[in-house]
Structure formats: structure tokens, C-alpha cells
Amino acid sequence: FFQGKRGGVYEIYQPGLSFLLFPGYLLDRALFGLDPGFQDEFPADLPLTMTTMLIVCGLCGVAVFRLLRNATGSDAAAMTMATLGMTTLPMTAFAFQLYPELPACLLIVTGVNFAVFHAPHSTSRHALLAGLGAATLAWLHVRFGLISLTLFALALWRVPGRSRWPLVLGYAALLAPLSFALYRMTGSWLPTALWDTQSSGLEFAPEGVLTNLVGYAVDYRW
């Protein structure tokens, strides 16, 4: 948490996952919140909130299957690989945790499927949805920002000319309110603004990108 530029206390995490979980959580508080849970702040049981994540996990399985079917041309191969991917770690763990990885997986796999296989003959409506989906990644966590830009750029390159403006419109329409919210809280328009409030100032050091990428490939913890 950090103190905003006008006072008040804010969380450093992006608000996207909260929007996703809110309907189920609201029903949990209204229907199942009879006993207090963690620090007496949350209901002891969150069945509908967790069901939201399970639904997202199921949609991820469908998205992975469709991507693999387009890539391999084989329903059997796609089904086999999608089943292995969705029933092993880390996917099975994220299905029962309130983290942004599963929603991000759904958006990334769907975005790649669109950009690689469907973008050249897409309609304006499909391009608009692709732009919205790519921008939603930035709402989930700041670490998905580069992937968001990459998917947007790939789709912009692949879609026909008539669909480019809807793609740009969808992307900008979701990034704009996020940028305004960040500015309201921190006084900065940068997508890393919430994390830049941390006192260490080392969260986004460009010189550490290469060494960290190598570390992620060999460090057993990551």
C-alpha cells in the first residue's frame, strides 16, 4: 500500500483482477458471509469467488485447445497437449488462487490465436475485441504491460487496413481510464506508477532485465 498524492491509502496492484472477482465476491458476502474469515475482513468461505477462477481456468483450456488446433491441424494432438497443459502445474495451482495469471493466460492465448491465425481476415468487430483484450492485460498487472504492447503491435501488423482503427480504438479506450486512475493516485501517467511509489526504486531497473531473464531460466525457484 502507499499514500496517494492527495492523501488516502491505495494498493500498488492494478485493479483488473478486482473487477473480475467483484460479482462473485459480492454474492459471497451477501449469501455466504455469515462467519468472518481472514482478519475478520472477508467471509470465511468464498465459493462463488473461487468458482469465478475455475470458470476462467475452463475457458483457458478451450482457448489453448483452439490455438493448438490451428497450429497443428489435428484435433487429437491439440486435445492431448491442451489436457496435459491444463491438468499439470502451474495451471492446476492457479485455478485455486486469486492471482491474475489465469485471466492473463486466457487473454494472451486468445490474443495470439487471433493475431497469428485470424487477424488477416478479421472484421472490425473482431479487431475491436482484440484491442480491448490486449489492453485488459495492463489492467491485470504491470508485468503484463510488455506482452500487451506486443500483442497489440502484432495484431496491428496483421489485421487488414479497415480493421486497424477499431483495433487502436479498443486498445486506447481501455488504457485511457487506467492512465487517468494512475495519474489521480500518483501524479504520474506511467503504467509503472503504482510500483514506482516503492521506496527502493529498484522494481523496474532496465539494466537488470537481461540478467533477470537469464536467472529465470536457471534459478530453481523461478
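Below, all heavy atoms of this structure are taken into account, side chains as well, without hydrogens, waters or symmetry copies. Computed from a prediction, not measured in an experiment: that's the story for all the values here.
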What I'd like to find out is whether the side chain of [X] reaches to under 4.5 Å of the side chain of [Y], using heavy atoms alone.
| X | Y | result |
| --- | --- | --- |
| Leu46 | Phe32 | no |
| Leu26 | Arg29 | no |
| Val56 | Leu20 | yes |
| Met53 | Pro103 | yes |
| Ser122 | Pro160 | yes |

Spatial distance of atom [atom1] ([X]) from atom [atom2] ([Y]) [nearest 0.5 Å]:
| X | Y | atom1 | atom2 | answer |
| --- | --- | --- | --- | --- |
| Phe22 | Asp28 | CZ | CG | 11.5 Å |
| Gln14 | Thr192 | CD | OG1 | 9.0 Å |
| Leu140 | Phe19 | CG | CZ | 11.5 Å |

Would you find a donor on one side and an acceptor on the other, under 3.5 Å apart, between the side chain of Asn70 and the backbone of Arg66?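 A pair under 3.5 Å: yes.
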Under the salt bridge (charged side-chain N to carboxylate O under 4.0 Å, His left out) rule, what pairs show up with a residue in residues 165-174, not counting sequence neighbours?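 Listed by first then second residue: nothing to list.
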Once salt bridge (charged side-chain N to carboxylate O under 4.0 Å, His left out) is applied, what residue pairs with a partner in residues 85-109 remain, sequence neighbours excluded?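 Passing the test, one end in residues 85-109: Glu101-Arg143.
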Is Phe117 atom CZ crowded by more than 12 heavy atoms from other residues, nucleotides or ligands, each under 6.0 Å away?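 Buried by this count: over 12 neighbours within 6.0 Å.
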On a heavy-atom basis, which atom in [X] and which in [Y] lie closest, and how many Å separate them?
| X | Y | value |
| --- | --- | --- |
| Val159 | Leu167 | CG2-CD2, 4.3 Å |
| Leu98 | Thr49 | CD2-CG2, 4.0 Å |
| Ser148 | Ala134 | OG-O, 2.6 Å |
| Met91 | Cys105 | CE-SG, 4.0 Å |
| Thr72 | Ala77 | OG1-CB, 4.2 Å |

Can you give each donor-acceptor pair under 3.5 Å made by side-chain atoms of residues 175-186, sequence neighbours left out, with the distance rounded to 0.1 Å?
residue	atom	partner	partner atom	Å
Ser179	OG	Leu175	O	3.1
Thr186	OG1	Leu182	O	2.7
Thr186	OG1	Ser188	N	3.1
Thr186	OG1	Ser188	O	3.4

Hey, quick one: are [X] and [Y] part of the same hydrophobic cluster, counting side-chain heavy atoms closer than 4.5 Å, chains of contacts allowed?
| X | Y | result |
| --- | --- | --- |
| Leu54 | Leu31 | no |
| Val109 | Phe114 | no |
| Leu194 | Leu174 | yes |
| Ile12 | Tyr99 | no |
| Phe94 | Leu17 | yes |

Apply the hydrophobic cluster definition, ILVMFWY joined by side-chain contacts under 4.5 Å directly or through others, and give me every member besides Phe1.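 Noted: Phe1 shares its cluster with Val9.
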Output, in order, the C-alpha distance, side-chain angles, deciding distance and verdict of side chain to side chain contact (heavy atoms under 4.5 Å, CB included) for Leu128 and Arg125. CA-CA 5 Å; Leu128 176 65; Arg125 180 172 64 89; 5.6 Å; no
Take the angle between the ring planes of Tyr13 and Trp195 and call it parallel below 30°, perpendicular above 60°, tilted in between.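 Aromatic pair Tyr13/Trp195 classed perpendicular.
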With [X], the side chain to side chain contact (heavy atoms under 4.5 Å, CB included) member among [options]:
| X | options | value |
| --- | --- | --- |
| Leu151 | Leu156, Leu107, Leu137 | Leu137 |
| Val112 | Leu67, Ile147, Leu154 | Leu67 |
| Thr110 | Ile108, Asn113, Leu106 | Leu106 |

Assess the residue pair Cys57 and Met86 against the criterion (side chain to side chain contact (heavy atoms under 4.5 Å, CB included)); give the C-alpha distance rounded to whole Å, side-chain angles, the decisive distance to 0.1 Å, and a yes or no. CA-CA 8 Å; Cys57 185; Met86 297 303 300; 3.8 Å; yes
Provide the full list of side chain to side chain donor-acceptor pair (under 3.5 Å) pairs with a residue in residues 157-170, sequence neighbours left out, each pair given once.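 Checked against side chain to side chain donor-acceptor pair (under 3.5 Å) - neighbours excluded - no pair reaches residues 157-170.
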Run the side chain to side chain contact (heavy atoms under 4.5 Å, CB included) check on Thr52 and Ile55 step by step: do they pass? CA-CA 5 Å; Thr52 301; Ile55 291 173; 5.8 Å; no
Between Leu68 and Val64, does a side chain to side chain contact (heavy atoms under 4.5 Å, CB included) hold up when you go through it step by step? CA-CA 6 Å; Leu68 292 172; Val64 170; 3.7 Å; yes
Partners of Tyr10 by ring pair (Phe, Tyr, Trp, His ring centres under 6.0 Å), sequence neighbours excluded?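 If we apply the ring pair (Phe, Tyr, Trp, His ring centres under 6.0 Å) test to Tyr10, skipping adjacent residues, the hits are Phe2.
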